[in-house]
Amino acid sequence: MQVLLSTYNGALYIAEQLDSILQQEIELNILIRDDGSKDNTLNILQQYREKYPKNIHVIEGSNVGVIASFWQLMKAADPQVNYFCFCDQDDVWMPDKANRALEQLTMIENTNESIPAMIFTATQLTDSELNPTAIWPSMPEKAPSFYNGLIQNIAVGATTAFNQQARVLLLDTHSPVDQSLILMHDWWMYITISCFGNIHFDPEPSIYYRQHDGNVVGGESTKLQKIKKKWNSFRKHKDKKLLVQQAKEFKRVYGDQITDPQMKQQLEAFIAPRSTLMQRIQYLRQCQLYRQSRTEQWLFRFLILVGYI
């Protein structure tokens, strides 16, 4: 199993994360891409590379952002390795994380050894000192699926593990994916693998997910935090229809490969123009897409009606 770790100005926490990976129950190969750090991150990585030359390889890259950095890691990953884990720089892995991921991916492949597979888990949210605060996300109310993934991401990238078939599915496309239209790399994975493969959510946390001021993306431990986050997102992305843009890019890249007629119909209906209120009402009558809570589902339907989505 190979760990794909992206770093950027992570000197404060990266050593603790690397230690937790190196102490896993199974031996791991760690491929690190530094995204142009300006602090002491590269010096720390060099120290670990010298201490563990067989386990750690470092790519010194320019600053391209989190999505492109993980994409480049997937491209640089070992094609002979069967399984991969995404990893963030500031979390801490629980001792059995890698072994659990391996067991769950193997279980999926036992039913179909050639199927793209991905697993993801809940996290133990903590403060900056790793004091536990909450479990996030909670068990999904509905099954993770393509119909959820088109409008909601429940896959926390730092917990994800996937097989070689999934990596090939994501990279071996007829034309390059326009990463500017992807909301997050883990979201794109959730949509893609749920459409063509098999996904599994494990409600048992696999990482200590550190919350601090430098997080690119973080969880919410209270309802107030969740409401504030959604409102800020609404204000930031008003009129951009980012969900539809991402879905259109998915259709451009993978539309010809979708064999499930219901998936294809729901994708087409979601990205179709809805310029009038009647068109929006008609769309909702046949829409099978869903978010994971009743409140979020009503919010989705409201945003369709007002033309935000």
Side-chain angles (χ1 to χ4, degrees), residues 1-37 39-61 66 69-70 72-106 118-132 156-164 166-167 185-186 202 204-212 214-217:
M1 180 176 283
Q2 187 171 45
V3 179
L4 306 180
L5 169 58
S6 179
T7 59
Y8 178 69
N9 291 345
L12 189 59
Y13 303 118
I14 187 60
E16 194 171 10
Q17 174 65 295
L18 288 173
D19 288 341
S20 73
I21 299 171
L22 292 164
Q23 293 166 9
Q24 291 292 297
E25 296 172 353
I26 57 177
E27 186 174 4
L28 300 169
N29 174 270
I30 309 172
L31 177 62
I32 306 170
R33 182 189 180 277
D34 184 76
D35 195 36
S37 291
D39 63 357
N40 198 42
T41 299
L42 280 172
N43 291 331
I44 297 172
L45 295 180
Q46 179 61 27
Q47 293 171 16
Y48 273 84
R49 179 166 53 184
E50 292 174 356
K51 188 175 181 180
Y52 302 97
K54 293 182 179 180
N55 300 90
I56 296 178
H57 178 71
V58 178
I59 301 170
E60 297 184 23
V66 61
S69 187
F70 275 109
Q72 291 188 25
L73 277 166
M74 283 197 293
K75 289 182 178 180
D78 188 343
Q80 303 303 315
V81 170
N82 292 325
Y83 306 106
F84 306 92
C85 289
F86 276 155
C87 182
D88 288 351
Q89 65 187 7
D90 45 9
D91 304 319
V92 170
W93 282 20
M94 294 182 177
D96 63 345
K97 181 193 186 307
N99 194 50
R100 281 168 50 200
L102 180 61
E103 290 176 349
Q104 290 166 359
L105 288 170
T106 302
M118 179 180 82
I119 69 103
F120 53 99
T121 79
T123 73
Q124 174 62 69
L125 293 182
T126 75
D127 61 20
S128 61
E129 302 300 320
L130 292 183
N131 297 306
V156 181
T159 73
T160 57
F162 52 99
N163 63 5
Q164 183 68 250
R167 173 180 171 270
H185 58 285
D186 50 12
D202 180 357
E204 185 71 22
S206 63
I207 66 170
Y208 297 100
Y209 194 22
R210 197 191 307 260
Q211 300 286 279
H212 58 87
N215 283 48
V216 175
V217 179

Student: Which heavy-atom pair separates A122 from T159 by the least distance, and what is that distance?
Tutor: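 Scanning both residues, the minimum pair turns out to be O-CG2, 4.2 Å.
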Student: If you apply the rule side chain to side chain contact (heavy atoms under 4.5 Å, CB included), what do you find for I30 with L22, and how did you get there?
Tutor: CA-CA 9 Å; I30 309 172; L22 292 164; 4.0 Å; yes
Student: Which one of N40, D34, D35 satisfies the side chain to side chain donor-acceptor pair (under 3.5 Å) criterion with S37?
Tutor: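 With S37 as partner, N40, D34, D35 yield a single side chain to side chain donor-acceptor pair (under 3.5 Å), made by D34.
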Student: What verdict does the side chain to side chain contact (heavy atoms under 4.5 Å, CB included) test give for L18 and L45, after you've listed the backbone C-alpha separation in whole Å, the side-chain angles of each residue and the deciding distance to 0.1 Å?
Tutor: CA-CA 9 Å; L18 288 173; L45 295 180; 4.0 Å; yes
Student: Keeping Q2 on the side-chain end and D78 on the backbone end, is there a donor-acceptor pair under 3.5 Å?
Tutor: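 Confirmed, Q2 side chain pairs with D78 backbone.
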Student: Kindly give the heavy-atom pair with the smallest separation between M1 and C85, and that separation in Å.
Tutor: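 That closest heavy-atom pairing would be SD-SG, 3.4 Å.
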Student: Might you point out which heavy atoms bring P79 and Q164 nearest each other, and give the distance in Å?
Tutor: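 The pair with the smallest heavy-atom distance is O-NE2, 3.1 Å.
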Student: Less than 4.5 Å apart, any side-chain heavy atom of L130 and any of Y13?
Tutor: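 Heavy-atom side-chain distance check fails, nothing below 4.5 Å.
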Student: So, does R33 use its side chain to make a donor-acceptor pair with the main chain of S6 at under 3.5 Å?
Tutor: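 A pair under 3.5 Å: no.
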Student: Any donor-acceptor pair under 3.5 Å linking the side chain of T123 with the backbone of Y208?
Tutor: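 Between the backbone of Y208 and the side chain of T123 there is no qualifying donor-acceptor contact (under 3.5 Å).
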Student: Can a donor-acceptor pair be found, under 3.5 Å and without considering hydrogens, that links the side chain of E25 to the backbone of N99?
Tutor: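 Not at all, since once roles are kept as given, no pair shorter than 3.5 Å links the two residues.
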Student: Would you confirm whether N82, through its side chain, and N163, through its main-chain N or O, come within 3.5 Å as a donor-acceptor pair?
Tutor: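 Checked: no pair found.
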Student: Could you tell me if the side chain of H185 sits less than 4.5 Å from the side chain of V66, heavy atoms only?
Tutor: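 Yes, at least one pair of side-chain atoms sits under 4.5 Å.
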Student: For residues D127 and R210, report the shortest heavy-atom separation together with the two atoms involved.
Tutor: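 In this case the closest contact between D127 and R210 is O-CG, 3.4 Å.
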Student: Tell me the closest heavy-atom pair linking D88 and Q17, and the distance in Å.
Tutor: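 Nearest pair, atom of D88 first, then Q17: O-NE2, 2.7 Å.
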Student: Closest approach of Q124 and P132, non-hydrogen atoms and distance?
Tutor: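 It is NE2-CB, 3.4 Å.
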Student: Please examine the side chains of L5 and I14, heavy atoms only from C-beta on, and report whether any two atoms are closer than 4.5 Å.
Tutor: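 Side chain of I14 against side chain of L5, heavy atoms only: contact under 4.5 Å found.
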Student: Within the distance-only criterion (no hydrogens, no angle test), does the side chain of T41 pair as donor or acceptor with the backbone N or O of G10 below 3.5 angstrom?
Tutor: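 Yes, because the side chain of T41 sits within donor-acceptor range (under 3.5 Å) of the backbone of G10.
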Student: Distance-only, no hydrogens or angles: does the R100 side chain make a donor-acceptor pair with backbone N or O of E204 under 3.5 Å?
Tutor: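 Yes: the side chain of R100 pairs with the backbone of E204.
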Student: Are L28 and I21 close enough, and set up right, to give a side chain to side chain contact (heavy atoms under 4.5 Å, CB included), and what steps lead you there?
Tutor: CA-CA 8 Å; L28 300 169; I21 299 171; 3.8 Å; yes
Student: Check whether any side-chain heavy atom of I59 lies under 4.5 Å from a side-chain heavy atom of L31, and answer yes or no.
Tutor: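 Yes, side chains in contact.
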Student: Do the side chains of K54 and E27 get nearer than 4.5 Å, heavy atoms only?
Tutor: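 Not touching, per the 4.5 Å side-chain cut-off.
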Student: Check this for me: Y48, atom OH, are more than 12 non-hydrogen atoms of other residues, nucleotides or ligands nearer than 6.0 Å?
Tutor: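 Counting neighbours around OH of Y48, more than 12 heavy atoms of other residues, nucleotides or ligands fall under 6.0 Å, so yes.
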Student: Can you check whether Y8's main-chain N or O pairs, donor with acceptor, with Q89's side chain at less than 3.5 Å?
Tutor: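 Yes; at least one donor-acceptor contact below 3.5 Å.
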Student: Do the non-hydrogen side-chain atoms of M74 and F86 ever get within less than 4.5 Å of each other?
Tutor: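 Of all side-chain heavy-atom pairs linking F86 with M74, at least one is under 4.5 Å.
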Student: Side chains of Q23 and S20: donor-acceptor distance under 3.5 Å anywhere?
Tutor: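 There is no such pair (donor and acceptor under 3.5 Å, judged by atom type) between the side chains of Q23 and S20.
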Student: Measuring from Q211:CD to D91:CG, what's the distance to the nearest 0.5 Å?
Tutor: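 Between atom CD of Q211 and atom CG of D91 there are 8.5 Å.
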Student: Given F162, which of F70, F120, F84, Y83 fulfils the ring-ring contact (aromatic ring centres under 6.0 Å, His included) condition?
Tutor: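 When ring-ring contact (aromatic ring centres under 6.0 Å, His included) is applied between F162 and each of F70, F120, F84, Y83, only F84 qualifies.
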Student: Heavy-atom distance under 4.5 Å between the side chains of L102 and I26, does that happen here?
Tutor: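 When only atoms from C-beta onward are counted, I26 and L102 do touch, with a gap below 4.5 Å.
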Student: Is there side-chain contact between W93 and I207, with heavy atoms separated by less than 4.5 Å?
Tutor: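 Yes, side chains in contact.
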